[in-house]
Amino acid sequence: MKNLTPDGKIKTIRCVKATHADFAKLVAMGKKVLQEIKDMEEKCGLTLDVLQEKLQNNQQEPVEFKDGSKHSVFEVVSFLMKKQAEIDAYRNAYHVLMEEGVDELLASIDIDAQSYDYDFYELCLEY
């Protein structure tokens with residue numbers, strides 16, 4: 001119980017603080033990006049993995065969207081990779097803010113933070 005103050009509160013060493021509203025905003029932004037990824041994959045009828053494979057195999061035929069428009073494989077892959085980078089950035093920010101607090105809490109009850117392998121952000125995105 002070395003991380004507790006005399007009045008029973010957890011001592012904090014974090015230099016960044018976050019509120020519930022901050023976490024909610026990160027989740028909302030992540031859900032928005034996931035929807036944009038899903039929408040794009042539905043529009044073109046292909047997943048990022050399939051599109052990347054086409055790009056690697058130098059298949060340059062345009063991707064025809066369900067609305068009849070055509071776009072290059074590179075354009076669609078670029079869009080999806082940008083969106084994937086966004087979701088990764090939100091996940092990383094959430095982890096920095098949340099996991100440090102979780103690590104402190106676990107240390108306060110003598111549980112090794114490395115033994116804790118759960119991703120709250122992924123759980124939040126699913127609901």
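We count residues from 1, following the sequence as given. Side chains are part of it too, since the values below use all heavy atoms of this structure and drop only hydrogens, waters and symmetry mates.
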With sequence neighbours left out, the residues meeting ring-ring contact (aromatic ring centres under 6.0 Å, His included) with F74 are none
Quick one: which residue pairs count as a salt bridge (charged side-chain N to carboxylate O under 4.0 Å, His left out) with a foot in residues 57-78, not counting sequence neighbours? K54-E61
Partner residues of E42 under the salt bridge (charged side-chain N to carboxylate O under 4.0 Å, His left out) criterion, sequence neighbours left out: none
Closest non-hydrogen contact found for Y94 with V27 is CE1-CG2, 4.1 Å
Are V76 and L46 close enough that some pair of their side-chain heavy atoms sits under 4.5 Å apart? no
Taking only residues at least two apart or on different chains, which pairs with a member in residues 39-68 satisfy ring pair (Phe, Tyr, Trp, His ring centres under 6.0 Å)? F65-H71
Looking only at non-hydrogen atoms, find the nearest pair between V63 and C44 and report the distance. CG1-CB, 3.5 Å
Listed once per pair and sorted, the ring pair (Phe, Tyr, Trp, His ring centres under 6.0 Å) pairs that draw on residues 33-61, sequence neighbours left out: none
So, using side chain to side chain donor-acceptor pair (under 3.5 Å) as the criterion, who are the partners of E53 when residues are at least two apart? none
Which pairs count as salt bridge (charged side-chain N to carboxylate O under 4.0 Å, His left out) when at least one residue sits in residues 88-97, sequence neighbours excluded? D88-R91, R91-E122
Results of side-chain contact (heavy atoms from CB on, under 4.5 Å) for F79 - residues two or more places apart only: M40, K83
Go through the structure and list residues passing salt bridge (charged side-chain N to carboxylate O under 4.0 Å, His left out) with K38, not counting sequence neighbours. none
Test of understanding: with side chain to side chain donor-acceptor pair (under 3.5 Å), list the residues that count as partners of Q56, not counting sequence neighbours. none
My understanding is that only residues two or more places apart in sequence, or in another chain, count here; which of them pass side-chain contact (heavy atoms from CB on, under 4.5 Å) with N58? Q60
